[in-house]
Engineer: 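Following this message is one structure expressed as structure tokens.
We number each residue from 1, following the sequence as shown.
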Amino acid sequence: MSNALLLNSKQSKNINELLNILSNCQKNQDAELITMLLNQMQQMNENFNAVVKELNTVKEELRQHNTHQPVEKQSVIVDTIAEFENKVQDQYQQLESMKNKLSDKSASLVQNFKEVGTKALNKVCEFLGIKESLIKLKDMAQSNAVEMQNSIDKIEKIGFEVKSAATHMKNAGRAIAGKDLADSADTKQFKIFEKLKGFYQQKEEKFTNQVEKLDKAIEKFEGLERAADKVSVKEKLANNKAAIEARESSEPKPVKEKQQPEFAL
């Protein structure tokens, strides 16, 4: 995986150095889980960038259509966009914090490895907080998917209200002129609503797909945790058995008392 877009030079150096150490020490499972987290962070990063870019396009189109919409409806749409944009920016900062934390802890592990050797590589993923980070990313994606659906509902409601009002006004004029009433308003006037709805539907799908991927990643992590726990229990039982056997073999065996011969009277 290329970390060029995700990590800065310092973060990349620290994490890649740890990954190389894990690979050389045959800690492939830990390296795989760290890489899995990086992949999910990369996907979230790409989603954020795409959202910000497309939101700017949508806002520009909205400005061009503002003259066609009632002020109060414009305000609701603008507020909806601004609210989600602020949320994405906040989550982007949270992602940056997660990357810095992963980098700093990776550097700490590398230093400990240089000082004490492979002992420093015990419970690497627990120390790095891999599972907690995956859960946090899932919560972000799930929250965004819900936000998308809420925005779709708002847009549909506003679009219906504006269209109904426009149709009513149009029919009032046609009635005065003695013309047949129109069934609906001119659809060209409402393309911006379809544009907005399409944007949020597309993003809802992306975030929902990411939730599913993160669910699988967390499930995989927990499966490996359970497997590691079983191995740990077996090792403890084996060690306990060996310790008992070693202790028993080192203890002096009791000397049997020599039986005195019996004499017939």
Side-chain angles (χ1 to χ4, degrees), residues 1-49 87-147 206-233 235-236:
M1 184 195 81
S2 173
N3 295 329
L5 294 175
L6 177 65
L7 305 173
N8 61 37
S9 57
K10 179 183 176 182
Q11 294 167 344
S12 182
K13 176 182 177 297
N14 291 339
I15 295 173
N16 286 333
E17 191 171 2
L18 175 60
L19 288 173
N20 289 333
I21 289 172
L22 292 172
S23 179
N24 292 334
C25 293
Q26 304 301 310
K27 295 279 189 177
N28 296 325
Q29 181 174 298
D30 290 327
E32 180 184 355
L33 291 172
I34 294 170
T35 302
M36 182 171 68
L37 172 61
L38 289 171
N39 283 332
Q40 294 300 328
M41 292 171 76
Q42 175 74 22
Q43 183 62 56
M44 183 68 82
N45 196 73
E46 290 175 358
N47 283 347
F48 286 162
N49 289 335
K87 182 176 183 179
V88 168
Q89 292 294 344
D90 180 61
Q91 290 181 345
Y92 186 84
Q93 293 303 317
Q94 291 180 51
L95 182 60
E96 284 297 307
S97 177
M98 290 169 64
K99 286 152 55 177
N100 287 329
K101 184 177 179 180
L102 181 63
S103 171
D104 291 343
K105 288 194 170 187
S106 294
S108 177
L109 280 173
V110 169
Q111 183 60 38
N112 289 343
F113 173 78
K114 291 176 180 178
E115 294 174 359
V116 302
T118 55
K119 290 181 182 179
L121 303 181
N122 186 35
K123 296 185 177 180
V124 168
C125 289
E126 183 177 330
F127 177 74
L128 294 175
I130 300 299
K131 182 179 177 180
E132 290 78 4
S133 295
L134 288 170
I135 291 172
K136 190 170 184 178
L137 288 175
K138 177 191 169 183
D139 289 343
M140 285 184 189
Q142 204 158 34
S143 174
N144 289 340
V146 172
E147 185 77 19
K206 280 185 176 294
F207 285 121
T208 299
N209 288 340
Q210 190 168 12
V211 170
E212 293 174 359
K213 290 177 181 177
L214 283 159
D215 268 332
K216 291 178 181 178
I218 294 167
E219 184 179 343
K220 180 178 180 180
F221 186 95
E222 290 176 341
L224 292 172
E225 270 187 327
R226 289 190 293 270
D229 287 342
K230 289 180 181 178
V231 171
S232 178
V233 170
E235 288 177 347
K236 286 179 181 178

Engineer: Before you tell me yes or no, could you show the steps for L102 and N14 under side chain to side chain contact (heavy atoms under 4.5 Å, CB included), namely the whole-Å CA-CA distance, both residues' side-chain angles and the distance that decides it to 0.1 Å?
Structural biologist: CA-CA 9 Å; L102 181 63; N14 291 339; over 6 Å; no

Engineer: Taking atom types as modelled, is there a side-chain donor on N144 or Q210 under 3.5 Å from an acceptor on the other?
Structural biologist: no

Engineer: Distance check, rounded to the nearest 0.5 Å: Q142 atom CD versus E147 atom CD?
Structural biologist: 13.5 Å

Engineer: Does atom NZ (K105) have a neighbourhood of more than 12 heavy atoms from anything else shown, all under 6.0 Å?
Structural biologist: yes

Engineer: For side chain to side chain contact (heavy atoms under 4.5 Å, CB included), just list the numbers for M41 and N39, CA-CA rounded to whole Å, side-chain angles, deciding distance to a tenth of an Å, and then say yes or no.
Structural biologist: CA-CA 5 Å; M41 292 171 76; N39 283 332; over 6 Å; no

Engineer: Working to the nearest 0.5 angstrom, can you tell me the gap between S108 OG and F127 CZ?
Structural biologist: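 That separation rounds to 4.0 Å.
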
Engineer: Would you check if there is a donor-acceptor pair between the side chains of Q93 and Q89 at a distance under 3.5 Å?
Structural biologist: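 Per modelled atom types, Q89 and Q93 side chains form no pair under 3.5 Å.
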
Engineer: Is any side-chain heavy atom of K114 closer than 4.5 Å to one of V110?
Structural biologist: yes

Engineer: If we only count heavy atoms from C-beta on, is the L37 to L137 side-chain gap below 4.5 Å?
Structural biologist: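 Yes, their side chains come closer than 4.5 Å.
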
Engineer: Looking at E115, I'd like to know if its CD atom is crowded, meaning that more than 12 non-hydrogen atoms belonging to other residues, nucleotides or ligands lie closer than 6.0 Å.
Structural biologist: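 Yes - once you tally the heavy atoms of other residues, nucleotides and ligands closer than 6.0 Å, there are more than 12.
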
Engineer: Nearest 0.5 Å please: distance from the CG atom of L214 over to the CE atom of M36.
Structural biologist: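 CE of M36 is found 9.0 Å from CG of L214.
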
Engineer: Determine the minimum heavy-atom distance between C125 and F221, stating which atoms define it.
Structural biologist: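 In this case the closest contact between C125 and F221 is CB-CE1, 3.9 Å.
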
Engineer: Give the intermediate values and the outcome of side chain to side chain contact (heavy atoms under 4.5 Å, CB included) for residues N16 and L7.
Structural biologist: CA-CA 11 Å; N16 286 333; L7 305 173; 5.8 Å; no

Engineer: Under a 4.0 Å threshold between the charged nitrogen and the carboxylate oxygen, would K136 count as salt-bridged to E132?
Structural biologist: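 Looking at K136 together with E132, the answer is no, because their closest N to O distance does not fall below 4.0 Å.
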
Engineer: How many angstroms lie between atom CD of Q11 and atom CG of D104, to the nearest 0.5 angstrom?
Structural biologist: 8.5 Å

Engineer: My understanding is that only residues two or more places apart in sequence, or in another chain, count here; which of them pass salt bridge (charged side-chain N to carboxylate O under 4.0 Å, His left out) with K101?
Structural biologist: none

Engineer: Are any of the side-chain heavy atoms of L134 and K131 separated by less than 4.5 Å?
Structural biologist: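 No, side chains not in contact.
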
Engineer: Would a 4.5 Å heavy-atom cut-off, applied to side chains only, mark I34 and V124 as touching?
Structural biologist: yes

Engineer: With a 4.0 Å cut-off, would you call E96 and K99 a salt bridge?
Structural biologist: yes

Engineer: Quick one: closest heavy-atom pair of C25 and T118, and the distance?
Structural biologist: SG-CG2, 4.2 Å

Engineer: Classify the side-chain pair D90/Q94 by whether it contains a donor and acceptor separated by less than 3.5 Å.
Structural biologist: yes

Engineer: Does the side chain of M98 reach to within under 4.5 Å of the side chain of M44, using non-hydrogen atoms?
Structural biologist: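 No, their side chains stay 4.5 Å or more apart.
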
Engineer: Using every non-hydrogen atom in the two residues, find where T208 and A145 come nearest and quote the distance to one decimal.
Structural biologist: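 Result for this residue pair: OG1-CB, 3.8 Å.
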
Engineer: So how far is it from I21 CD1 to L109 CG, rounded to the nearest 0.5 Å?
Structural biologist: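 If I round to the nearest 0.5 Å, the distance is 8.5 Å.
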
Engineer: So, taking the atom named CD in Q43 and the one named CZ in F48, what distance separates them when rounded to the nearest 0.5 Å?
Structural biologist: 11.0 Å

